Amino acid sequence: MNLSIDTVVANNTKILKARVSKTAMQGVLVAVGATVAATLAVAYLGDSSLTLNGIISAQASNPVLWIMDTLPFIFGYLGQYSSYMIAHEASLMVMQQTDELRMHANQLERQVTFATTHDPLTELPNRALFYDRLERAINAVTANGATLVVLLVAIENLKEIQDTLGPANVDLILKQLAIRLQSWANNKDSVARIDSHTFAILIGEGAPRRAEAERAAHNLQKVLEPPFLVNHLKLTLHSSIGIVIAPDHGDDADTLLQRAGVTLYVASKSTKGFSIYSATMEEHSPHRLTLMGDLRRAIERNELDLYYQPKVCIADGLPQGVEALLRWKHPLHGFIAPEEFIALAERTRLIRPLTNWVMERAFRDCTAWRSDGLPFNVSINLSAKDLNDPDLPDIITGIMAKTAVQAEWILFEITESSIMVDPARALTVLERIRGMGFNLSIDDFGTGYSSLAYLRKLPVMEIKIDRSFVMDMLESENDAVIVHATINLAHNLGLKVTAEGVETREVLQALQGFGCDMVQGYFLSPPVPFPQLKPWFITATSIEHLELFKSSSTRP
């Protein structure tokens, strides 16, 4: 039961008053004692003895004693009054401090809530809050037959500006951009920052259909046309806008945002700079329209599968580990290429449950192999969205405990491009994962644009040379030079090197000559399902197989 402030003050006053009254009563007793002593002294001095009549006579005839007789009453009254005032003031002070603490706690709570639902730089709603508001808006328009429009706005040249002027100046641009978008929108809460360079605008219930939606996008382009002023420089932003209408293009937030992402990509290639969704944008494949819902159900029902491609030590030919590769056999459409559905998952919130499924399955398989005597480490690929998820290390910790896997058995593979989406946040996540004992590898090395700059900063133990260089190294002298130089660079930095895309014996021998550490490719084994890995291991450790690695090495 909640008590009122007046009641709390009254209760506190009673408690404190009782404590202060104790001191007041002590003063009264002292005053009484002094009066009695003075009376006895006056009686004795008058009669040279103490008698009852002498004491009464002293009290009746001495005005000083009359005054002293009143002191206990005066002290008692003043003590009670003082005790009440002190107690009341103390109680009010306690209540005031309590109110201040409560206000401070409420303020901190509001700040925490705001931080979890808003972008810290622009103070716009973040992806999670926008999804929630979009879901609510969709439910409202579905109930009354209205429509709503979502505009997805991407700044195409933001990375170029950052590389030229630095992240601090980009932050200034983004703040100016957020103000323009909020000023243009009817409701500032309908504008959100979805990721580093993408914003979303929700035009709410009763929004216009196709022609008016395109007109709104064109009008928004005009808002973004005037230059942005940064350090006396006038910078022009190149924007693309994807348009989707609910419920015409989807009746849930995931579908709408996924299709807005597809439309945004098409808009970036068009001359107008904006585009409205149509089914033909889905690579002319009708089944892609339902892939997101099907993928969500496939994750929940455990209908995905992992295949494993072995990695072999080039020095002795012995298997060292496997790379986990996701596979999805759709019940209606058959095999779906990983690059197709993973890309879709990255544009929505499905990437986290998808990554979690892969990690748990791979961890369990690795534990099973180890229990069966197979010394396999497992490599797992992480996407850019994974690296920008600050909860990833904690998720990994939970899955590791559930599956009894050892951290040193797992190697997480990351690409250079995924790191560059948000280098600072990615590095923080990677350092936490490495601190937990997991190994890290840079996948597709050589295809990024900041390899050397970030290689020395990353807590990695391995790099994987991209297959595009390995497969053509015998026909292309430039590719051979790149492969050889990459191996030497990695070894000088104390890193191991894995070459993927090894499809012929000649390429294997060339990599032996270059001093590569491990190889992976169809010449050794294609990706195989879990049950086939143990038979492959028996074959891979046979004398006939190991003879492949005893050939004299050659250089291209």
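Only a predicted model underlies this, so the values are computations on that prediction, with no experimental measurement involved. Nothing fancy with the numbering, it's 1 onward along the sequence.
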Side chains of [X] and [Y], donor plus acceptor under 3.5 Å:
X: Ser468; Y: Asp466; result: yes
X: Thr198; Y: Asp195; result: yes
X: Asp386; Y: Thr355; result: yes
X: Glu413; Y: Ser441; result: no
X: Gln221; Y: Lys272; result: no
X: Glu323; Y: Ser379; result: no
X: Thr498; Y: Gln520; result: no

Item to check | Heavy atoms from other residues, nucleotides or ligands near CD of Glu477 exceed 12 (cutoff 6.0 Å) | outcome: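 No - once you tally the heavy atoms of other residues, nucleotides and ligands closer than 6.0 Å, there are 12 at most.
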Next on the checklist: Please determine whether side chain to side chain donor-acceptor pair (under 3.5 Å) holds for the pair Asn219 and Trp184, giving the CA-CA distance in whole Å, both sets of side-chain angles, and the decisive distance to 0.1 Å.
Outcome noted: CA-CA 9 Å; Asn219 184 262; Trp184 178 81; 2.5 Å; yes
Going from [atom1] on [X] to [atom2] on [Y], what distance comes out if it is rounded to the nearest 0.5 angstrom?
X: Ser239; Y: Asn157; atom1: OG; atom2: CG; value: 9.0 Å
X: Phe199; Y: Ile241; atom1: CZ; atom2: CD1; value: 12.5 Å
X: Leu325; Y: Leu306; atom1: CG; atom2: CG; value: 8.0 Å
X: Leu174; Y: Gln162; atom1: CG; atom2: CD; value: 9.0 Å
X: Thr122; Y: Gln176; atom1: OG1; atom2: CD; value: 13.0 Å
X: Asp391; Y: Thr397; atom1: CG; atom2: OG1; value: 11.0 Å

Does a side-chain N-to-carboxylate-O contact under 4.0 Å join [X] and [Y]?
X: Asp119; Y: Arg127; value: no
X: Glu300; Y: Arg296; value: no
X: Arg361; Y: Asp365; value: yes
X: Asp305; Y: Lys329; value: no
X: Asp132; Y: Arg136; value: yes
X: Lys496; Y: Glu462; value: no

Measure the shortest side-chain to side-chain distance between [X] and [Y] over non-hydrogen atoms and say whether it is less than 4.5 angstrom.
X: Val502; Y: Val470; answer: yes
X: Glu500; Y: Ile465; answer: no
X: Met359; Y: Ile395; answer: yes
X: Leu224; Y: Leu237; answer: no
X: Leu129; Y: Arg133; answer: yes
X: His118; Y: Asn126; answer: no
X: Val483; Y: Leu511; answer: yes
X: Ile245; Y: Ile276; answer: yes

What is the minimum heavy-atom distance between [X] and [Y], and which atoms define it?
X: Leu158; Y: His197; result: CD2-CB, 3.7 Å
X: Leu533; Y: Pro310; result: CD1-CG, 4.2 Å
X: Arg434; Y: Leu440; result: CB-CD1, 4.1 Å
X: Pro527; Y: Tyr307; result: O-CD2, 3.5 Å
X: Asn356; Y: Ile399; result: O-CD1, 3.9 Å
X: Leu524; Y: Trp536; result: O-NE1, 3.4 Å

Under 3.5 Å, is there a donor-acceptor pair between the side chain of [X] and the main chain of [Y]?
X: Asp251; Y: Pro247; result: no
X: Asn139; Y: Glu135; result: yes
X: Asn388; Y: Ala384; result: yes
X: Ser476; Y: Asp472; result: no
X: Ser190; Y: Leu202; result: yes
X: Thr367; Y: Thr403; result: yes

Checklist entry - Hey, mind stepping through Asp394 and Arg432 against salt bridge (Lys or Arg N to Asp or Glu O under 4.0 Å) and telling me if it holds? => result CA-CA 9 Å; Asp394 299 313; Arg432 286 189 61 192; 3.0 Å; yes
Item to check | Whether Phe438 and Phe363 hold their rings parallel, tilted or perpendicular, with breakpoints at 30° and 60° | outcome: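 Because their plane-to-plane angle is under 30°, the rings of Phe438 and Phe363 count as parallel.
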Checklist entry - Which class fits the ring pair Phe530 and Tyr308: parallel under 30°, tilted 30 to 60°, perpendicular over 60°? => result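 Answer is perpendicular, since the angle exceeds 60°.
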Checklist entry - Can Arg364 and Lys402 be said to form a side-chain contact (heavy atoms from CB on, under 4.5 Å), step by step? => result CA-CA 9 Å; Arg364 291 190 187 279; Lys402 183 164 53 175; 3.7 Å; yes
Checklist entry - Hey, mind stepping through Leu350 and Leu295 against side-chain contact (heavy atoms from CB on, under 4.5 Å) and telling me if it holds? => result CA-CA 8 Å; Leu350 278 182; Leu295 179 58; 4.2 Å; yes
Next on the checklist: The test is side-chain contact (heavy atoms from CB on, under 4.5 Å); show your working for Val378 and Leu411 and say whether it passes.
Outcome noted: CA-CA 6 Å; Val378 177; Leu411 184 147; over 6 Å; no
Next on the checklist: Please evaluate residues Leu152 and Ile243 with respect to the criterion side-chain contact (heavy atoms from CB on, under 4.5 Å), reporting the C-alpha separation (whole Å), side-chain torsions for both, the decisive distance (0.1 Å), and the verdict.
Outcome noted: CA-CA 7 Å; Leu152 206 58; Ile243 310 167; over 6 Å; no
Item to check | From Thr428, Thr415, Leu427, Leu430, residue fulfilling side-chain contact (heavy atoms from CB on, under 4.5 Å) relative to Leu387 | outcome: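 Among Thr428, Thr415, Leu427, Leu430, the one meeting side-chain contact (heavy atoms from CB on, under 4.5 Å) with Leu387 is Leu430.
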Checklist entry - Is there a side chain to side chain donor-acceptor pair (under 3.5 Å) between Asp252 and Thr255 once you walk through the steps? => result CA-CA 6 Å; Asp252 63 85; Thr255 302; 2.8 Å; yes
